[in-house]
Amino acid sequence: MLYKKRTHTCGELRALHIGQSITLTGWVDTRRDLGGVIFIDVRDRYGKTQVVFNPQNHEAIHALAKELRTEFVISVSGTVEKRPAGTENAKLLTGEIDVLADGLTILNKAETTPFPIEDKLDTNEDLRLKYRYLDLRRAPMQQNLLLRHKMYQITRRYFDEHNFIEVETPILMKSTPEGARDFLVPSRINPGKFYALPQSPQTYKQILMVAGYDRYFQIVKCFRDEDLRADRQLEFTQIDVEMSFVDEIDIQTIVEGLMQRFMKEIKGIDVITPFPRLTYKEAIEGYGSDKPDLRFDLKFSDFSAMVKDSGFKVFADNVKKGGVVAGFTVPGGASYTRNQMDNLVEFTKSLGVGGLAYIKLTEKGIETAIEKFLGAELCKNICDIAGAKTGDLVLIISDAWQKAYTTLGVLRLEMAKRLNLIDDNKWNLHWVVDFPMFDYSEEEKRHVAMHHPFTSPKPEDAHLLDTDATKARARAYDLVMNGNEIAGGSIRIYDSALQSKVFGLLGIGPEEAKMKFGFMLDAFRFGAPPHGGIAFGLDRMAMLFAGVKSIRDVIAFPKTASGISLMDENPSEVDKKQLDELHIKLK
RNA sequence: GGGGUCGUAGCUCAGUUUGGUUAGAGCGCUUGCCUGUCACGCAAGAAGUCGAGGGUUCGAGUCCCUUCGGCCCCGCCA
């Protein structure tokens with residue numbers, strides 16, 4: 001079809017264009033047919049411009065404009081005019097002018113859309129996902145994708161300036177036993193063998209260090225076959241970084257520089273470096289999370305020592321077993337009704353702990369069901385330690401160290417939400433450091449790497465690997481923004497003997513290590529430099545910068561919580577012929 | 001694997017508690033009128049597998065069972 005190409009975008013025209021003959025292309029956003037004159041807002045990703053069809057100006061074009069409906073694709077030509085006094089639209093950047101049409105081509109018609117293309121859309125997410133191309137026409141979604149684009153550009157510019165080189169690593173890689181469940185890809189040429197999609201390019205980037213590429217970065221898709229969440233997709237994007245001849249501070253400094261750049265260029269905010277550091281222990285014992293949200297306080301207190309020899313068996317026995325009794329103060333919480341407290345207790349129990357104890361500090365003094373076990377004085381002391389004032393409420397949990405604190409951590413977040421303590425305009429960035437090397441997996445009955453199996457222990461803790469490995473701390477660090485883990489990394493092991501030892505502690509014997517990671521151990525025998533790195537969750541960062549609740553809103557084509565792409569109905573069944581070629585038989 | 005919640009017109013929702021007339025509203029859509037609107041206005045109209053299947057009942061949107069799907073959370077996510 002012949003049509004006039006645009007001379008300007010729909011967000012471009014201003015008073016200075018008045019009198020010019022121009023052409024716009026785009027979608028019909030709204031039409032207002034007043035019988036005589038017809039107004040059309042034509043929209044593209046740059047903005048909206050009002051076009052006027054006046055029968056006195058051009059009768060045939062006006063007649064054609066009668067046919068226009070929402071989301072028709074048009075090319076429209078005309079003269080830029082100053083709007084009559086009093087009819088300017090301050091809501092549009094182009095609102096000072098409109099275009100008096102003298103030419104119109106309908107490039108394509110559109111059926112009525114399943115939902116309106118508007119900024120403040122109120123509809124179910126499954127519809128938005130099914131008709132993603134319509135959802136992506138909306139300005140907020142276009143801004144989100146533009147934000148991502150900006151992040152890619154900032155990242156590439158920043159690392160290039162700092163002498164990093166971008167290297168692509170394979171998408172078809174070797175399956176590794178550790179970590180998340182792999183996505184497997186059957187090999188047609190090698191019957192019975194499988195590639196895996198990378199959970200991260202970890203091994204490749206370390207081998208690039210051995211190869212002498214001392215500063216590497218990549219914006220890279222990663223894949224993990226685990227259950228999805230608001231902030232987790234099966235495939236997601238990392239900014240992957242690795243450096244040689246560095247320690248923690250070197251990596252963190254580079255990261256802080258990039259974060260400064262992001263904050264400045266995206267949010268217009270100057271952030272101060274270096275960011276505060278919290279040890280893992282401080283984070284858990286203070287806030288119940290390895291990614292604490294420090295935009296608000298609600299810090300925990302430990303009551304274990306006080307209640308250890310009290311008459312309250314539940315508390316005392318737990319502490320004697322090595323558990324903790326801890327809690328925090330809810331400002332103004334003493335006014336909670338019985339119903340509200342029951343609700344809170346139920347919420348806590350749903351998190352998998354036995355219960356929630358609490359003390360209200362009212363005008364009349366302490367009010368609590370545990371007074372009869374602990375005595376008034378001890379209850380008062382607990383309130384003092386927790387910093388509770390009259391009118392406050394102290395929540396207390398007694399359980400094993402990890403369980404008690406992580407449950408308090410969830411409660412802390414819940415209370416912050418209920419009390420509206422989270423300031424959305426606040427940006428909090430901090431490091432969590434000194435993670436343990438290992439975590440014990442009840443399910444697998446063995447130690448698993450807290451970060452990953454290539455993470456180096458802290459030199460002063462290296463001896464613990466031979467005696468009490470669970471106490472050994474790793475040279476690992478996470479970057480936390482507003483209670484979200486947005487980056488995590490470590491200084492790696494570069495000594496093959498130490499690497500073998502760590503594999504051993506993870507229950508990976510010499511044979512298995514050779515089979516699964518032999519190539520890495522080999523590489524380390526030929527001159528591996530000290531190295532370390534980090535990886536950012538780009539989607540999560542984009543979500544926070546965009547101020548949205550789910551990473552689905554910053555991903556062009558995301559999947560649902562059950563891993564389905566509603567638009568193209570993926571995953572789907574395949575022909576038997578395809579399976580045969582891949583030597584696969586369905587159960 | 002488990003828990004919670006939602007599913008009624010194209011969209012957002014009411015109706016479900018206590019089964020009973022022809023399942024309603026707003027927006028959108030269609031048609032007509034309307035020459036400065038911008039959430040245009042006015043008038044009329046069309047539009048329903050009450051997510052699906054089964055059951056109880058004289059009768060089911062409503063009660064029971066099964067199932068599918070969306071969202072949130074726990075587990076899981078080196």
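Basis for what follows: all heavy atoms, side chains included, without hydrogens, waters or symmetry-related copies. Chain A is the first sequence line, chain B the second, and so forth, proteins listed ahead of strands; every chain is numbered from 1.
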Within less than 4.0 Å of OP1 or OP2 of B/U12, is there a side-chain N or O belonging to A/Thr123? yes
G-U wobble or Watson-Crick pairing nucleotide for B/G45 (cut-off 3.5 Å, both distances): B/C29
With no angle test and no hydrogens, is the base of B/G75 tied to the side chain of A/Asp227 by a donor-acceptor pair under 3.5 Å? yes
Just N and O in the side chain of A/Arg552: are any of them under 4.0 Å from OP1 or OP2 of B/G70? no
Could you check whether the side chain of A/Asn54 and the base of B/G36 have a donor-acceptor pair of N or O atoms closer than 3.5 Å, going by distance alone? no
Tell me if the side-chain of A/Asn89 makes a donor-acceptor pair with the base of B/C38, cut-off 3.5 Å, by modelled atom types. yes
Distance test, side-chain N/O of A/Arg31 to OP1/OP2 of B/U37, below 4.0 Å: no
Mind checking if A/Asp439 touches a base, just sugar-phosphate, or nothing, with heavy atoms under 4.0 Å? nothing
If the cut-off is 4.0 Å, is A/Arg32 near the phosphate of B/U37, judged by side-chain N/O to OP1 or OP2? no
What class does the angle between the rings of A/Phe438 and A/His447 fall in, given that below 30° is parallel, 30 to 60° is tilted and above 60° is perpendicular? tilted
Hey, is the side chain of A/Thr87 poking within less than 4.0 Å of OP1 or OP2 on B/U37, counting only N and O atoms? no
Does any N or O donor sit under 3.5 Å from an N or O acceptor when you compare the side chain of A/Arg128 with the base of B/G70? no
For A/Gln50, which contact category applies under a 4.0 Å heavy-atom criterion: base, sugar-phosphate, or nothing? base
Counting just side-chain N and O atoms, does A/Thr70 come under 4.0 Å of either OP1 or OP2 of B/G28? no
Is any side-chain N or O of A/Arg232 under 3.5 Å from a base N or O of B/C76, one able to act as donor and the other as acceptor? yes
